[in-house]
Amino acid sequence: MTARVRALETILVEKGLVDPAAVDAIVETYESRVGPQNGARVVAKAWVDPDYRAWLEEDATAAINSLDISGRQAEHMNAVFNTPETHNVVVCTLCSCYPWAVLGLPPVWYKSPPYRSRVVMKPREVLAEFGLVLPAETTIRVWDSTSEQRYLVVPMRPAGADHMSEDELAALVTRNSMIGTGLPKTPGAV
């Protein structure tokens with residue numbers, strides 16, 4: 001696959017259809033400025049700062065932008081918070097609307113028709129396939145992302161993480177926990 005991409009890039013550059021500097025800028029953006037590390041920073045800050053959490057609940061787009069996270073699909077954000085009673089999971093049933101600036105590139109399974117259709121009808125079954133088995137009494141809420149409403153799941157802070165710094169907490173947050181198909185890592189797993 002890598003060889004095919006490079007061959008295609010070479011042909012496009014040779015024909016003058018693509019500027020190599022533009023390709024480098026895009027690669028640099030997705031390697032260092034866009035990705036799930038941004039969402040993890042948001043979640044960790046919400047875990048340690050009650051005022052920030054309240055702002056995230058009220059106006060997620062502004063709260064996320066305040067951490068210098070903006071750009072493609074970082075607008076129209078909503079944060080949904082997991083509790084002991086409720087677990088949230090995100091899907092885009094129409095296509096693959098996804099907050100790239102906050103979570104990076106969407107995983108292949110997020111865009112797949114089976115995930116998009118099944119998580120709405122059988123969320124507990126789909127989450128179990130991800131290895132996430134929730135108690136029967138936990139309510140699962142499925143949020144349908146669109147181009148005008150994108151979601152970030154704020155998972156619960158893991159037990160035993162009370163002593164950790166914001167940066168250490170961010171290392172516990174996974175992309176899947178911010179989509180709702182997983183949980184954050186436990187402090188001993190980092």
Side-chain angles (χ1 to χ4, degrees), residues 1 30 34-47 52-65 67 69-159 169-170 172-186 189:
M1 179 68 137
Y30 283 94
V34 172
Q37 73 275 9
N38 289 340
R41 287 178 32 229
V42 172
V43 170
K45 188 160 187 70
W47 283 345
Y52 183 79
R53 178 188 169 99
W55 188 16
L56 191 61
E57 287 181 80
E58 183 181 313
D59 185 350
T61 301
I64 290 168
N65 290 168
L67 298 181
I69 302 168
S70 61
R72 191 170 180 171
Q73 302 189 3
E75 66 280 348
H76 312 298
M77 291 294 301
N78 296 287
V80 291
F81 296 78
N82 287 348
T83 68
E85 297 80 27
T86 304
H87 182 88
N88 297 286
V89 63
V90 180
V91 65
C92 176
T93 57
L94 293 176
C95 50
S96 58
C97 294
Y98 188 81
W100 289 29
V102 180
L103 298 180
L105 298 173
V108 172
W109 54 260
Y110 185 82
K111 298 183 281 185
S112 72
Y115 173 77
R116 294 175 12 217
S117 61
R118 291 184 60 237
V119 76
V120 174
M121 295 182 297
K122 298 182 178 181
R124 193 171 300 278
E125 184 176 302
V126 171
L127 293 179
E129 292 169 7
F130 278 91
L132 179 57
V133 179
L134 298 170
E137 62 273 15
T138 301
T139 299
I140 301 173
R141 295 190 70 188
V142 179
W143 298 90
D144 194 1
S145 184
T146 69
S147 61
E148 305 199 355
Q149 294 268 351
R150 296 185 188 92
Y151 295 92
L152 169 70
V153 173
V154 179
M156 291 186 295
R157 187 173 177 161
L169 289 169
L172 301 178
V173 181
T174 65
R175 177 196 64 197
N176 285 11
S177 71
M178 294 182 286
I179 298 172
T181 56
L183 298 175
K185 298 175 194 168
T186 57

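Quantities reported herein were computed from a predicted structural model and do not represent experimental measurements.
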Decide yes or no for Val154 and Trp47: does some side-chain heavy atom of the first lie under 4.5 Å from some side-chain heavy atom of the second?
yes
Any Thr139 side-chain heavy atom under 4.5 Å of Glu85 side chain:
no
side-chain contact (heavy atoms from CB on, under 4.5 Å) assessment of Lys45 paired with Arg41
CA-CA 6 Å; Lys45 188 160 187 70; Arg41 287 178 32 229; over 6 Å; no
Do Val89 and Trp143 have side-chain heavy atoms sitting under 4.5 Å apart?
no
Could you check if a side-chain atom of Val42 sits within less than 4.5 angstrom of a side-chain atom of Tyr52, using non-hydrogen atoms only?
yes
So how far is it from Glu75 CD to Ile64 CD1, rounded to the nearest 0.5 Å?
10.5 Å
pair Trp109-Ile179: side-chain heavy atoms closer than 4.5 Å:
yes
Could you report the tightest heavy-atom contact between Tyr98 and Pro107, atom names first, then the distance?
OH-CD, 3.5 Å
What's the separation between atom CG in Leu103 and atom CZ in Arg175, rounded to the nearest 0.5 Å?
8.5 Å
Do Val102 and Met178 come close enough that some side-chain heavy atom pair is under 4.5 Å?
no
CD on Glu125 to CD1 on Ile140, rounded to 0.5 Å:
11.0 Å
Take the angle between the ring planes of Tyr115 and Tyr110 and call it parallel below 30°, perpendicular above 60°, tilted in between.
tilted
Could you tell me if the side chain of Met77 sits less than 4.5 Å from the side chain of Arg150, heavy atoms only?
yes
Which atoms form the tightest heavy-atom contact between Ala170 and Ala44, and what is the distance?
N-CB, 3.6 Å
